[in-house]
Amino acid sequence: MSGFDWPSLLRAGVQALGLRPAEFWALTPAELQLMLGEDRGARPMGRARLEELIAAFPDATQEDGA
């Protein structure tokens, strides 16, 4: 099993992007992903990064004078 839904990807490439089949098959998966707009915007922050930020910038407490 390749992990790719090739029929759906081919349909998106040919119908949505207007690619010819030969143009579709010449693309790398990363290029196709980019053309389909799947790399737009920043990725959501993961829990590990949130924990890093919490540790680096703890909330001020009343004892801190805040």
S.K.: After noting the C-alpha distance and the side-chain angles of L17 and F24, does the key distance pass the side-chain contact (heavy atoms from CB on, under 4.5 Å) rule?
M.R.: CA-CA 9 Å; L17 298 174; F24 170 85; over 6 Å; no

S.K.: Rounded to the nearest 0.5 Å, how far apart are CG of L27 and CD of Q33?
M.R.: 12.0 Å

S.K.: Rounded at 0.5 Å granularity, tell me how far CD in E51 sits from CD1 in I54.
M.R.: 4.5 Å

S.K.: Describe, in one word, how the ring planes of W25 and W6 are oriented to each other, choosing from parallel (under 30°), tilted (30 to 60°) and perpendicular (over 60°).
M.R.: tilted

S.K.: Give, for atom CD of E52 and atom CE of M45, the distance between the pair rounded to the nearest 0.5 Å.
M.R.: 10.0 Å

